[in-house]
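Below you'll find the structure, written out as structure tokens, and then a few comments.
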Amino acid sequence: MPELPEVEVVRRGLEQWVAGRTVATVEVHHPRAVRRHLEGTDHFVQTVTGRTFTAAHRRGKYLWMPLAEADGAPSGRALVGHLGMSGQLLVEKPSAPDETHLRARFTFTDGGRELRFVDQRTFGGLAVEESPDSDGVPPRLAHIAIDPLDPSFDTAAFAAALRRRRTEVKRALLDQTLIGGVGNIYADESLWRARLHGARPTDKLTNGQVHDLLDGIRDVLGEALAQGGTSFDSLYVDVNGQSGYFSRFLAVYGQGDRPCPRCGTPIRREPFMNRSSYSCPTCQPRPRARRTT
């Protein structure tokens, strides 16, 4: 599933190519694309048509674009999108052939490039949500924590909340109510940089370890953003259909049995929540089991 860097790359593309443009028509080619819009497909089309996308925002792995009325006044609503596992928001020339898995199309009054929502597995989706003001977070996304790249991220509050979880540190990193945008890939990469095994109990982390972990998260997210995200196949692309290249720089994720870039020990793969975790046995030793009485 796309994580913070991949979604942020898409947001930047939407800001460049879509923000400030007025929707002329909306086509929904598959009802699952708007299943989260509880009022139905027709209402979704009517609500977006004729409105202007004023900006593109992100919270965690969600995107939203506030809608303005024809006179430019805020409508109090926003188009909210989640890419799921295979969703793509693409900016295409109107003459470009339809994608095989095209789910929705937005054309604009300026006659320029159109916005297409393409989703092979139909786990992603679009919906119009209430939004308190032009830049406010839609209420349905308010429970998602801000990410560590946000200037308002509170390191001390995060450290305290992390210890209160009393769980394994990797599970905590995947909790979007604690820290936004981090998924399986960047959790493994950040833990490797901090020399922590994902099973380390959060309530046993020292202040130094928490700071090392946050430094690792910020570094790996920043580097991934600079490379356009991580693309393992053609599904993970920006709005122009371009792949990211951070997969070439992954230290541990997906690198099972390859040498650790730091010490040369073969990377281990372990089962984790119906997925996989990757770590270095030398740099990231498993924690000792807690004693039971």
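From a predicted model like this one, the values you see are computed outputs, not experimental measurements.
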Charged tip of Arg140 within 45° of Trp64 ring normal and under 6.0 Å: no
Step by step, work out the salt bridge (Lys or Arg N to Asp or Glu O under 4.0 Å) result for Glu69 and Arg51. CA-CA 5 Å; Glu69 302 286 2; Arg51 268 67 176 190; 3.3 Å; yes
Report the relative orientation of the aromatic rings in Phe44 and His37; use parallel for angles under 30°, tilted for 30 to 60°, perpendicular for over 60°. perpendicular
Side-chain donor-acceptor pair under 3.5 Å between Arg21 and Thr109, yes or no? no
Other residues, nucleotides and ligands only: do more than 12 of their heavy atoms fall within 6.0 Å of CG on Asp110? yes
For Phe117, the ring pair (Phe, Tyr, Trp, His ring centres under 6.0 Å) test, sequence neighbours excluded, returns none
Gln88 (side chain) donor-acceptor with Val118 (main chain) under 3.5 angstrom: no
To the nearest 0.5 angstrom, please state how far the OG1 atom of Thr52 sits from the CG atom of Leu67. 8.5 Å
Do Thr202 and Thr167 meet the criterion of a side-chain donor-acceptor pair at a distance under 3.5 Å? no
To the nearest 0.5 Å, how far apart are CD in Gln284 and CG in Leu196? 7.5 Å
Heavy-atom side-chain contact between Leu191 and Leu213 under 4.5 Å: yes
List the atom of Asn184, the atom of Ser276, and the distance in Å for their closest heavy-atom pair. ND2-O, 3.0 Å
Please identify each residue that fulfils ring pair (Phe, Tyr, Trp, His ring centres under 6.0 Å) with Tyr62, with sequence neighbours left out. His82
Only counting residues at least two apart or in another chain, list the ones meeting ring pair (Phe, Tyr, Trp, His ring centres under 6.0 Å) with Phe108. none
